[in-house]
Amino acid sequence: MTKLNKASISSIVKTLMDDGLVYETGIGDASSLGGRKPILLEYNTKVGIAIAIDLGHDYLDVVAAYLDGSLIKENKIRNLTITKETVLDILETAIIDTMKALPETEKGVIGCAISIHGIVQNNQIIYSPIYTIQGVDIEHYLSEKFDFPFYLENEANLAALGQYTFISRADDLLCLSIHGGIGLGIIENGELRQGKSGSAGEIGHSILFPNGDSCPCGNHGCLERYASQRAIYDSIAKELSLPVAEINSDTLVDLLQGEQREVVLRILDERAKYLSIAINDIILLNDPEVVYIDSSIYEKIPELVDIIREQLQSRFTEGVKIKTSNFKGRSSLFGGIAVILRTFFNVPVFKIRHEQ
């Protein structure tokens, strides 16, 4: 498979073993043609630990994992005030707390990836609509505090990498990350497509309705003003005269079982159809094998995916799979682990396992 000779293979395997990245697990059976019995090798997933952080507008989600994505530790920190003045201390404290009581490994923590809800280029936050921490050199500050590298990346990009690395068989996929806004991660031939300035995939700011609702980006009628989770929550809260703070994906599931089912279903149906317009367009532009929807609403109410499938009638969308994420809100965290692994092993395209 590798076109390498036996001497090269032996030398490479010795180096990998010396580095603790593989180990011998025993002796295998000889082939039917005879010859020496093979020495069996296995990837040492516990040689190091990766830390990934999702930096939200008022929260942090943090995981520590072995090098196959197996979670060691997970922490959710809520009701934070994230500003230019507080973000560095919040991140430093979260990392210190996460590192407490981690198991001993040969290489320790090999890196930390931070998911940013905004445009990122060269480890710097260029723009974000949900917090005002642009200009804060997070990577430099944390690198001075800890002896492992830090990587900042767009949340939707990481969600796509998480799907590609740990879940999907596809080499070309899209991942729609739908939360307060809408982002798109694009994987082509196993590699992340980011664009010249890191803003590839900002599908939430494509115009759905000309002269529609104003958006902080400067446009009017942006997709995320109508089809994001925040847009859905706002619409349902207004329709049912409820405080928007009380509406979330679990609330929607409960409402669908009650007297307000028809009202809620009408709004969800409308917003899913809006999203289907964007999905039609991104399929035409990217020709993927599969489109993943990373959203707690679509995960908990899978009937909405059926609505989207019914709307995709074009010959160009035929055969493209539409799926929800299997990560239960952790897609970008697993994408962060993937970024660390790619850099640590210096392998540009990296997969761990496939979906069943």
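The chain is numbered in sequence order, starting from 1.
The shortest distance between side-chain heavy atoms of Asp61 and Tyr59 falls below 4.5 Å. Contact of the Leu55 side chain with the Val87 side chain is registered, since non-hydrogen atoms from C-beta on lie closer than 4.5 Å. Contact of the Leu192 side chain with the Val339 side chain is not registered, since no non-hydrogen atoms from C-beta on lie closer than 4.5 Å. Residues Arg266 and Glu239 meet the side-chain proximity criterion, which asks for heavy atoms closer than 4.5 Å.
Smallest separation of non-hydrogen atoms from Gly180 and Arg230: O-CB, 3.6 Å. When all heavy atoms of Val62 and Ala94 are compared, the pair lying nearest together is CG2-CB, 4.3 Å. Residues Ile340 and Ile51 approach most closely at CD1-O, 3.4 Å, considering heavy atoms. When every heavy atom of Ile167 is checked against every heavy atom of Tyr292, the shortest pair comes out as CG2-OH, 4.1 Å. Contact detail for Ile82 and Tyr131: the closest heavy-atom pair is O-CB, 4.4 Å. Taking each heavy atom of Val22 and Met17 in turn, the nearest pair found is CG2-CG, 3.5 Å.
Under 3.5 Å, the side chains of Glu246 and Thr251 contain no donor-acceptor pair of N or O atoms. Side-chain contact of Asp54 with His117: a donor-acceptor pair under 3.5 Å is present, judged by distance alone.
Around the NZ atom of Lys76, the shell of radius 6.0 Å holds more than 12 heavy atoms that belong to other residues, nucleotides or ligands. More than 12 heavy atoms of other residues, nucleotides or ligands sit less than 6.0 Å from atom CG of Asn5. Applying the 6.0 Å contact sphere to CZ of Arg78 captures more than 12 heavy atoms from other residues, nucleotides or ligands. Sparse packing is recorded around NZ of Lys46, with 12 or fewer heavy atoms of other residues, nucleotides or ligands lying under 6.0 Å away.
For Asp18, the salt bridge (Lys or Arg N to Asp or Glu O under 4.0 Å) criterion is met by Lys14, not counting sequence neighbours.
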For residues 154-161, which side-chain N or O atoms pair as donor and acceptor with protein atoms under 3.5 Å away, sequence neighbours left out?
| unit_1 | atom_1 | unit_2 | atom_2 | d |
| --- | --- | --- | --- | --- |
| Asn154 | OD1 | Ala156 | N | 2.9 |
| Asn154 | OD1 | Asn157 | N | 3.0 |
| Asn154 | ND2 | Gly118 | O | 2.7 |
| Glu155 | OE1 | Ser177 | OG | 2.7 |
| Glu155 | OE2 | Ser177 | OG | 2.6 |
| Glu155 | OE2 | His179 | NE2 | 3.3 |
| Asn157 | ND2 | Glu153 | OE2 | 3.1 |

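Ring geometry for Phe150 versus Phe146: interplanar angle of 30 to 60°, hence tilted.
The ring-ring contact (aromatic ring centres under 6.0 Å, His included) analysis of residues 184-204, with sequence neighbours excluded, yields no pairs. Note on residues 233-285: pairs passing ring-ring contact (aromatic ring centres under 6.0 Å, His included), not counting sequence neighbours, are Phe209-Tyr274.
Listed by chain and number, the hydrophobic cluster partners of Ile119 are Ile126, Tyr127, where partners are ILVMFWY side chains within reach of under 4.5 Å, directly or through others. Counting Ile, Leu, Val, Met, Phe, Trp and Tyr side chains that sit under 4.5 Å apart, directly or through other members, Phe316 shares a hydrophobic cluster with Leu284.
In this structure a side-chain-to-backbone donor-acceptor pair under 3.5 Å is present from Arg271 to Tyr226.
Under the side chain to side chain contact (heavy atoms under 4.5 Å, CB included) rule, Phe334 has a single partner from Asn326, Leu71, Ile352, Val63, which is Leu71.
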